[in-house]
Asks: 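A single structure is presented below for examination.
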Amino acid sequence: MLDTIYSQIGAGIAILVVLFGFLKGDEPERIASAAFALVILVGLAAPISSGGDGIRWGLMSLDIVMLAVLCGLAWHSRRAWLIWASAFQSLIVTSHILILADIRPPGNAFAAVNNLSNYGLLIALAVGTFWAWQERRAAGLK
């Protein structure tokens with residue numbers, strides 16, 4: 001996975017955003033950071049081969065779990081960034097469903113949607129963490 005410089009830069013950005021979420025975020029940011037980190041780590045450990053049908057069931061289930069976590073956080077929290085993060089994650093799940101429904105997009109399109117949506121999710125998490133951090137600082141809490 002980390003065979004190109006682009007994937008190494010992306011992994012570095014993901015690590016920085018997750019650490020930022022853990023260090024400066026409130027409870028929703030920390031839960032989302034933990035869920036993102038766990039999904040990435042389990043996704044790296046899971047076999048990436050698909051069955052004969054091209055569907056990667058393990059990765060699809062991980063993405064559905066991540067969507068459920070983000071939707072649950074959005075339901076119980078009043079943070080706007082969670083809606084954006086859920087929307088980006090739903091794009092990833094939808095791309096899996098397209099393959100499941102045998103509407104096969106080109107492999108490059110699937111990878112582009114997956115990568116750009118993950119970057120969008122990371123941007124939403126970083127912005128949400130920054131807002132939570134600034135709200136705490138303005139209130140004089142930390």
Side-chain angles (χ1 to χ4, degrees), residues 1-51 53-101 103-142:
M1 175 182 159
L2 298 175
D3 53 346
T4 65
I5 190 71
Y6 301 113
S7 61
Q8 292 170 3
I9 291 171
I13 291 170
I15 290 169
L16 289 175
V17 171
V18 166
L19 284 175
F20 183 56
F22 277 128
L23 295 175
K24 298 295 182 179
D26 288 336
E27 185 179 4
E29 290 81 13
R30 289 181 181 155
I31 292 171
S33 294
F36 186 83
L38 285 174
V39 164
I40 294 297
L41 290 175
V42 172
L44 288 174
I48 60 170
S49 63
S50 60
D53 51 4
I55 300 167
R56 296 179 177 167
W57 292 103
L59 295 178
M60 181 178 175
S61 61
L62 286 174
D63 287 333
I64 290 172
V65 167
M66 184 68 187
L67 179 62
V69 168
L70 290 172
C71 288
L73 285 172
W75 184 266
H76 292 291
S77 178
R78 298 187 58 187
R79 310 283 173 127
W81 73 268
L82 285 166
I83 302 299
W84 286 96
S86 298
F88 287 120
Q89 188 64 30
S90 68
L91 285 173
I92 296 170
V93 171
T94 302
S95 65
H96 285 292
I97 292 172
L98 285 175
I99 293 173
L100 181 66
I103 305 171
R104 297 195 186 270
N108 291 339
F110 177 78
V113 167
N114 201 349
N115 290 335
L116 290 175
S117 294
N118 273 317
Y119 284 125
L121 193 149
L122 286 172
I123 290 169
L125 176 60
V127 168
T129 302
F130 181 76
W131 285 344
W133 177 38
Q134 293 304 308
E135 287 174 1
R136 270 198 327 275
R137 281 185 54 178
L141 296 176
K142 199 174 187 183

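Given the structure is predicted, the values throughout are model-derived calculations rather than measurements. Atoms considered below: every heavy atom in the structure, side chains included; atoms not considered: hydrogens, waters and symmetry mates.
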Asks: Hey, does the side chain of Arg30 reach the backbone of Lys24 with a donor-acceptor pair shorter than 3.5 angstrom?
Replies: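 A pair under 3.5 Å: no.
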Asks: Once you measure the plane-to-plane angle for Phe88 and Trp84, does it fall in the parallel (<30°), tilted (30-60°) or perpendicular (>60°) bin?
Replies: tilted
Asks: Can you tell me how far apart NE2 (His96) and CG (Leu67) are? Round to the nearest 0.5 Å.
Replies: 11.0 Å
Asks: Run the side-chain contact (heavy atoms from CB on, under 4.5 Å) test on Phe20 and Thr129 for me, step by step, so that the C-alpha distance in whole Å, both residues' side-chain angles and the decisive distance to 0.1 Å come before the verdict.
Replies: CA-CA 7 Å; Phe20 183 56; Thr129 302; 3.6 Å; yes
Asks: Answer yes or no: does atom CD of Glu27 have more than 12 heavy-atom neighbours from other residues, nucleotides or ligands under 6.0 Å?
Replies: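 Atom CD in Glu27 is not packed in, count stays at 12 or less.
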Asks: Under the criterion side-chain contact (heavy atoms from CB on, under 4.5 Å), which of Leu62, Val69, Leu44 is the partner of Val39?
Replies: Leu62
Asks: Looking at Arg79 and Glu29, is any side-chain nitrogen of the basic one under 4.0 Å from a carboxylate oxygen of the acidic one?
Replies: yes
Asks: What is the minimum heavy-atom distance between Leu73 and Ile31, and which atoms define it?
Replies: CD1-CG2, 3.8 Å
Asks: So how far is it from Trp131 CH2 to Glu135 CD, rounded to the nearest 0.5 Å?
Replies: 9.0 Å
Asks: Looking at every heavy atom in both Phe110 and Ser95, which two are closest together, and how far apart are they?
Replies: CE1-OG, 3.3 Å
Asks: How many angstroms lie between OG1 in Thr94 and CG in Leu100, if you round to the nearest 0.5 Å?
Replies: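 Answer rounded to 0.5 Å: 12.0 Å.
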Asks: Mind listing the closest non-hydrogen atom pair of Ile83 and Ala74 along with its distance?
Replies: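 Heavy atoms only, the tightest pair is CD1-CB, 3.9 Å.
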Asks: Which pair of non-hydrogen atoms, one from Ala32 and one from Leu70, has the smallest distance, and what is that distance?
Replies: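 So the minimum-distance heavy-atom pair works out to CB-CD2, 4.2 Å.
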Asks: Checking Asn118 against Phe36 for the side-chain contact (heavy atoms from CB on, under 4.5 Å) test, could you report, in this order, the C-alpha distance in whole Å, the side-chain angles of both residues, the deciding distance, and whether it holds?
Replies: CA-CA 10 Å; Asn118 273 317; Phe36 186 83; 3.8 Å; yes
Asks: Where is the tightest heavy-atom contact between Pro28 and Ser77, given as atom of each residue plus distance?
Replies: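 Looks like CG-OG, 3.8 Å.
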Asks: Taking Ile92 as the fixed residue, which of Asp63, Leu121, Ile64 is the one that meets the side-chain contact (heavy atoms from CB on, under 4.5 Å) rule?
Replies: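 Testing Ile92 for a side-chain contact (heavy atoms from CB on, under 4.5 Å) against Asp63, Leu121, Ile64 leaves exactly one candidate, Asp63.
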Asks: Do other residues, nucleotides or ligands put more than 12 heavy atoms under 6.0 Å from the CZ atom of Phe130?
Replies: no
Asks: Can you tell me how far CE of Met60 sits from CD1 of Ile99, rounded to the nearest 0.5 angstrom?
Replies: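 Here the rounded value is 9.0 Å.
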Asks: Out of curiosity, Ser90 OG to Met66 CE, how far, rounded to the nearest 0.5 Å?
Replies: 12.0 Å
Asks: If you look at every heavy atom in Leu125 and Val17, which pair is closest and at what distance?
Replies: CD2-CG1, 3.8 Å
Asks: Please round to the nearest 0.5 Å and tell me the distance separating atom CH2 of Trp133 and atom CG of Asp26.
Replies: 13.0 Å
Asks: Is there a donor-acceptor pair under 3.5 Å between the side chain of Ser117 and the backbone N or O of Asn114?
Replies: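 No; zero donor-acceptor contacts below 3.5 Å.
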